[in-house]
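Have a look at the structure below, then the notes.
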Amino acid sequence: MARKIAAGNWKMNGLGADLAELETLAGRSGDAAEVVICPPATLISRAVAKAGSVAIGGQDCHAAETGAHTGDVSALMLKEAGAGFVITGHSERRADHGESDADVAAKTEAAWAPGLTAIVCIGESLEEREGGRTLEVVGSQLAGSLPAGATPQNTVIAYEPIWAIGTGKVPSLEEIAEVHAFMREKLSARFEGGAEMALLYGGSVKPGNAAEIFGVPHVNGALVGGASLKASDFGGIIDALNAA
Ligand code: 13P
């Protein structure tokens, strides 16, 4: 059985006062799903202090452990600050910072070294989807972004179609099912633990559409942007995952 994970990506949002939302989540009990919040790096230490059973994650890490990389944060630094997870290869980093699959694989390997679980993101653009290339793109990103040592403990995959992020547009359940079944097949063929690796869907997940998305085979949770900023919204998504 794959882990069930509700992960929130706050992106470049959040000041100290917003940790009140995290405190509300931390007050929940009895969740079957793992709950993860990835705040901006500036809030990680303070978030850990308030998180209770909610795990905290970074949004990116450098591939190196230390060195002359102004502005970057290493996986070991995240770990020392109390993080248990880190997102690698988010499409916004691939676009804003030119990160390639090879960069993402290096960051993912770096995340594992101090014991972080990497949430590795992949997903096609609108042009690629309309050109009928979704599975080809997802297959090649999956192959290129995952190092050989991926296990269900150290790696979670997030399928986030770029055109669904922050747009309110969501693929049909059939489209999600097709990609998730494809990823499961590829992961099972390549990795011993591929059948148990958690596969998250991301892109405009809200309390109102979460239950139907979690009903799709091989969807083991979600990576949520906008709706993770408010505990009331994210709580509804966690409830749907607990019930799935
Ligand atoms: P939204 O939930 O805001 O569409 O963002 C998805 C995402 O990019 C999570 O990493």
Side-chain angles (χ1 to χ4, degrees), residues 4-14 18 21-22 25 33-41 43-44 47 54-61 78 83-97 99 104 107-108 111 116-126 128-129 134 137-138 141-142 145 155-173 175-176 179-180 183 198-214 216 219-241:
K4 277 186 178 185
I5 302 177
N9 173 11
W10 281 10
K11 307 192 179 183
M12 200 170 72
N13 300 291
D18 298 300
E21 300 298 326
L22 177 62
L25 292 174
E34 294 177 66
V35 180
V36 184
I37 290 287
C38 301
L43 287 183
I44 288 177
V54 175
I56 299 300
Q59 298 177 10
D60 173 55
C61 65
L78 294 173
F85 289 76
V86 63
I87 297 168
T88 59
H90 193 282
S91 60
E92 288 152 13
R93 292 212 53 94
R94 291 177 186 261
D96 293 355
H97 299 272
E99 292 183 9
V104 177
K107 287 170 180 239
T108 300
L116 297 180
T117 296
I119 302 175
V120 183
C121 301
I122 58 174
E124 82 285 0
S125 67
L126 185 59
E128 289 160 346
R129 163 132 329 242
T134 298
V137 169
V138 166
Q141 288 184 339
L142 199 57
S145 304
T155 302
V156 173
I157 310 295
Y159 166 58
E160 298 204 311
I162 296 167
W163 52 274
I165 294 176
T167 59
K169 292 190 191 130
V170 180
S172 68
L173 299 181
E175 287 170 333
I176 296 174
V179 173
H180 277 247
M183 294 194 297
L199 306 182
L200 313 185
Y201 166 78
S204 298
V205 177
K206 309 285 177 213
N209 62 16
E212 60 181 21
I213 292 171
F214 296 146
V216 173
V219 174
N220 311 116
L223 181 57
V224 183
S228 72
L229 296 171
K230 290 279 168 247
S232 50
D233 290 337
F234 199 49
I237 292 169
I238 298 166
D239 289 342
L241 186 57

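A quick note: this is a predicted structure, and the numbers were derived from the prediction, not measured. Both counts, for ligands and for their atoms, begin at 1 and track the order of listing.
Annotation: ligand 1 has protein neighbours N9, K11, H90, E160, A164, I165, G166, G203, S204, L223, V224, G225, G226, each with a heavy atom less than 4.0 angstrom from the ligand.
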Practice prompt. Show your working on side-chain contact (heavy atoms from CB on, under 4.5 Å) between Y201 and V216 and close with a plain yes or no.
Written response: CA-CA 10 Å; Y201 166 78; V216 173; over 6 Å; no

Practice prompt. Apply side-chain contact (heavy atoms from CB on, under 4.5 Å) to the pair R94 and I122, showing each step before the final yes or no.
Written response: CA-CA 10 Å; R94 291 177 186 261; I122 58 174; 4.0 Å; yes

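To the nearest 0.5 Å, atom CG of residue N209 and atom CD1 of residue I237 are 7.5 Å apart.
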Could you list the donor-acceptor pairs under 3.5 angstrom formed between side-chain atoms of residues 160-167 and any protein atom two or more places apart in sequence or on another chain?
residue: E160; atom: OE1; partner: H90; partner atom: NE2; Å: 3.0
residue: W163; atom: NE1; partner: E124; partner atom: OE2; Å: 3.0
residue: T167; atom: OG1; partner: W163; partner atom: O; Å: 2.8
residue: T167; atom: OG1; partner: A164; partner atom: O; Å: 3.4
residue: T167; atom: OG1; partner: K169; partner atom: N; Å: 3.1

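Judged as a salt bridge (Lys or Arg N to Asp or Glu O under 4.0 Å), and not counting sequence neighbours, the contacts of E175 are R129. K206 pairs by the salt bridge (Lys or Arg N to Asp or Glu O under 4.0 Å) definition with nothing, not counting sequence neighbours.
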